[in-house]
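Input: a single structure, listed below in structure tokens.
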Amino acid sequence: MHQYIGPEGVLEKRSQYFYPCTSYFYRNPPQIVKGEMQYMYGHDGKRYTDFFAGVSVCASGHCNPDIAKRTAEQLKTLQHTCTLYLTQPNVDLAERLADVLPGELRRTFFVNSGSEANEGAMLLARLHTGRKGFIALEQGLHGRTYLTMSVTGLTMWRADPQLAQPGAEDVTFIPRPYEYGVDADVAARRSIDALKAVLAEKGDSIAAMIVEPIQGNGGIIVPPDWYFPEVKALLEQYGVLMIDDEIQTGFGRTGEMFAMSRWGVVPDIITMAKALGSGIPIAAFASTDKIAASFTRPSASTFGGNPVSSVTGLAVLDYIEAHGMVEHSAKLGEQLMSGLRELAERYREISDVRGAGLMVGAELCADDPARGAALIDEVLEEMKDRGFIIGKNGVDRNVLAFQPPLVITAQDVEEMLNALRSSLQIVMS
């Protein structure tokens, strides 16, 4: 029997040894001690159905036995060598990724995290184009390294006050294709017009535009279908590369293997992480033969592509294919969206329901986001007490975020919606 120190003990140690920037959900948070597919368990044995998956990480489930077995076997065989030595798992994974990546993206550089993947992609863009500048969307999130933070438009994640000056790091922000209360096509057209103006002014100095196909932390923002095809066409006119940040959206999350494929757009560089390891740290950026050929200076990631993470990535891809996870995500996403929209008809506080596949957001009180954020915290607390873990995001933290493991069932969705209905009745009364 494990001797757990309990939530109070964990919080006390966090207060003594963590940085003050490290926050947590809930007034009364549980101590999570075990994961099992779509479920997590507290130190007291209470079971929680996970509808957040560590922000899209454990997409193939917590401690999925089919994956964990292969990870453990590799952990006992060969754990680490670095890419300076020849091992098979990372080349097998790179080959496998070439089969599932869109278009002619087939060269992969393995790293450890989404931030590092985006950092590498931005470096690659500069090396290939010989240009320095970047374009990014307002309210996007691309990482916590210095370069990726500079293209992050979401204020709460721009931790460095030296980044307060717009354009200080050769980054130009344009409006995202969304604004509350504005027609979707009108908002997207504003974004396109801003992009045209930037390209006309300094397109010859811009290396790439970095985008999330669906903004995650920005509130799960899905653009109109025509938006990204037009963006890509404009960028190509000026020789500006498109970096597609699929850190949250990749590997079936949105009902497509990669979200940008929803609109038939093939990016120049794609970044991936989170779901590829389903809990094991692994990330990568991939590109074409032509673009990758520009990266010739010596470079390596000490732990990137290590045998354990690479075998895990292969196991994840096998599981996604064998169990039809992409199609499953699309199907259950429709059930989830439908149920949330029914609740929106009953509760006027639910301003919008949006998303794709199993990446869905429900915004509360868009016209009074401070109230919405307060209600979100109450809903999360109620849902936690009822045994369901959901997340929150958005510019004002007033969006309920549903990004569960893709292994959830229709029954899980129905039970969660029933619990949410009861929680809303209490919180909104």
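Reckoned from all heavy atoms, side chains included, excluding hydrogens, waters and symmetry mates.
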Are [X] and [Y] linked by a side-chain donor-acceptor pair shorter than 3.5 Å?
{"X": "Thr145", "Y": "Ser115", "answer": "no"}
{"X": "Gln215", "Y": "Gln139", "answer": "no"}
{"X": "Glu246", "Y": "Thr249", "answer": "yes"}
{"X": "Arg14", "Y": "Thr22", "answer": "no"}

> Does the ring centre of His80 sit less than 6.0 Å away from the ring centre of Phe303?
Replying inline: yes
> Can the ring centroids of Phe251 and Phe258 be said to lie less than 6.0 angstrom from one another?
Replying inline: yes
>> If we check side-chain contact (heavy atoms from CB on, under 4.5 Å) with Ile282, which of these qualifies: Asn90, Asn306, Leu276, Val111?
In response: Leu276
> Under the criterion side-chain contact (heavy atoms from CB on, under 4.5 Å), which of Leu420, Val379, Leu364, Leu380 is the partner of Val427?
Replying inline: Val379
> Does Glu382 CD have over 12 foreign heavy atoms under 6.0 Å away?
Replying inline: yes
> Is Arg262 atom CZ crowded by more than 12 heavy atoms from other residues, nucleotides or ligands, each under 6.0 Å away?
Replying inline: yes
> Got a donor-acceptor contact below 3.5 angstrom from the Thr152 side chain to the Trp157 backbone?
Replying inline: no
> Would you say the side-chain atoms of Arg158 pair up with the backbone N or O of Ser150, donor to acceptor, closer than 3.5 Å?
Replying inline: yes
> Per the side-chain hydrogen bond (donor to acceptor under 3.5 Å, both in side chains) rule, which among Thr254, Asn393, Asn217 passes with Gln248?
Replying inline: Asn217
> Salt bridge between Arg397 and Asp377, side-chain N to carboxylate O under 4.0 Å?
Replying inline: no
